[in-house]
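In what follows, a single structure is set out as structure tokens and then discussed.
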Amino acid sequence: MSNNRYYNRNHNAPPQQERKRSNEWPKKSNTTLPSKEQLSISEVPYVDTHAHLHYVLEKLPDVFNITSYDILKRDHFPSNFESCINVLCDPLSFNSNEIFPNTFMDWQVMAKTSFMYLAVGVHPHNAKDYNDYVENNMMSILNHPKCIALGEIGLDYHYKNSPKDIQKRVLLKQIEKAIKLEKPLVIHTREAEEDTWEILSNNVPKEWKIHVHCFTDSPRFAKQLLDHFPNLYIGITGVVTFGSAKNTQNIIKDIVPLNRILLETDAPYMIPAKLNKNKRSFDKVTISHSGMIPLVAEKIAQLKGIELDEVMRNARENTRNMYGV
Ligand SMILES: [Zn+2]
């Protein structure tokens with residue numbers, strides 16, 4: 001009897017080889033990308049309203065052989081992808097036409113890419129680097145016809161890469177520029193609700209077009225912004241698919257109407273959770289790109305209890321109202 005139990009216990013244990021394999025399971029995973037078929041879940045045309053595709057190309061290993069924006073689009077975006085707004089927010093990229101001429105890092109190459117629009121502004125992380133030289137470079141991009149907004153600018157008290165008072169001063173300075181140039185604003189705000197509210201409500205005209213990108217703050221703050229600014233839109237990224245993103249999910253369910261949502265990837269960040277469902281897989285999607293927008297919309301549709309195409313159609317219309325494209 002006891003022998004038999006012993007035998008059974010051993011029999012149920014994983015084979016020796018299997019156990020060894022899981023002990024040696026590599027911590028570092030390979031980067032993979034989803035197939036176009038996985039992303040082709042809607043036929044409604046769309047715009048990725050906020051991406052940093054130059055970082056996507058920079059991060060992709062050579063094995064993918066993606067050496068240009070055209071190749072990235074051709075081989076990896078579903079056919080309903082229309083265009084994207086590529087955001088330059090690091091001062092180093094403002095004169096990338098001199099540092100990296102004729103490469104995918106060169107902002108003039110981005111501007112020449114048929115399906116790409118630009119937005120430019122000094123990110124709160126880089127506020128400490130703001131000076132006349134940076135501002136002049138920023139102005140030359142802002143004057144390009146493909147540059148359709150100023151941003152992302154704002155306040156980030158989560159990382160505090162620049163001191164708070166400098167972040168506030170640089171945000172204000174850039175808001176003044178946007179108003180003078182009549183450019184829509186792209187706002188980044190994280191754990192800085194009070195100061196962001198104070199600066200926006202006191203310095204930006206009520207009717208101004210504002211895209212609050214990758215919104216993760218409180219539902220109360222979302223409502224305050226939407227009520228005060230009639231042309232303000234809430235940008236939703238792959239964050240909405242994360243199990244931990246309860247704030248963002250509640251905002252979609254209860255606060256933001258369909259006609260105030262913009263779809264964005266914030267590529268290369270915020271990879272939709274669905275793409276890494278198989279947690280044991282050695283290959284992981286570690287980089288997002290503009291082809292993944294339909295998966296963001298799919299989650300919004302699920303949260304609102306409506307059809308995916310309805311989210312896609314509304315977001316397309318909102319993009320036209322916000323950016324004129
Ligand atoms: Zn961004």
Side-chain angles (χ1 to χ4, degrees), residues 46-60 69 72 83-94 96 104-105 107 110 113 116-127 129-130 134 138 141-142 146-162 167 170-171 174-175 178 183-192 196 200 209-217 222 225 232-242 245 248 261-272 286-293 295-296 315 318-319 322-323 325:
Y46 74 85
V47 176
D48 180 359
T49 61
H50 188 112
H52 310 273
L53 289 189
H54 46 302
Y55 295 150
V56 173
L57 261 65
E58 200 184 23
K59 277 170 173 272
L60 282 172
Y69 298 115
L72 180 66
S83 58
C84 69
I85 299 171
N86 207 52
V87 180
L88 300 159
C89 57
D90 166 7
L92 198 65
S93 60
F94 297 179
S96 56
F104 59 76
M105 288 297 279
W107 73 262
M110 301 174 202
T113 303
M116 194 177 271
Y117 298 96
L118 298 178
V120 66
V122 176
H123 195 282
H125 290 340
N126 307 110
D129 302 325
Y130 196 96
V134 166
M138 179 173 91
I141 304 177
L142 279 166
K146 282 297 259 321
C147 185
I148 57 176
L150 197 153
E152 55 184 292
I153 60 174
L155 304 175
D156 194 315
Y157 295 169
H158 181 77
Y159 290 110
K160 291 194 205 89
N161 287 353
S162 289
Q167 288 193 37
V170 168
L171 168 60
Q174 294 183 94
I175 286 175
K183 293 277 185 188
L185 282 169
V186 185
I187 299 293
H188 171 111
T189 175
R190 189 160 182 204
E191 294 173 24
T196 299
L200 291 185
K209 291 181 175 172
I210 305 170
H211 172 178
V212 185
H213 120 86
C214 192
F215 196 91
T216 53
D217 283 326
L225 288 168
L232 178 144
Y233 296 87
I234 300 287
I236 301 295
T237 63
V239 164
V240 74
T241 65
F242 299 175
T248 311
I261 293 175
L262 291 173
L263 300 175
E264 49 167 300
T265 58
D266 202 16
Y269 316 108
M270 319 302 178
I271 301 119
T286 58
I287 295 161
S288 78
H289 60 58
S290 300
M292 297 176 191
I293 283 286
L295 302 182
V296 178
N318 300 343
T319 305
M322 166 71 203
Y323 287 108
V325 298

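Order of listing sets the numbers, starting from 1, for every ligand and every atom in it. Computation of the quantities below employed the complete heavy-atom set of this structure, encompassing side-chain atoms and omitting hydrogens, waters and symmetry-equivalent molecules.
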Side chain Y69, main chain M110, donor-acceptor under 3.5 Å: no

Can you classify the ring geometry of H125 versus Y159 as parallel (below 30°), tilted (30 to 60°) or perpendicular (above 60°)? perpendicular

Looking only at side-chain N and O atoms, does H52 offer a donor or acceptor that is under 3.5 Å from a partner on N86? no

Between Y323 and H211, is there a side-chain donor-acceptor contact under 3.5 Å, judged purely by atom types and distance? yes

What N, O or S atom of E152 is found closest to the Zn ion (ligand 1)? OE2

What angle, to the nearest 10°, do the atoms NE2 (H52) and OD1 (D266) form about the Zn ion (ligand 1)? 80°

C214 N/O/S atom closer than 2.8 Å to the Zn ion (ligand 1): no

Quick check: does H50 have an N/O/S atom under 2.8 Å of the Zn ion (ligand 1)? yes

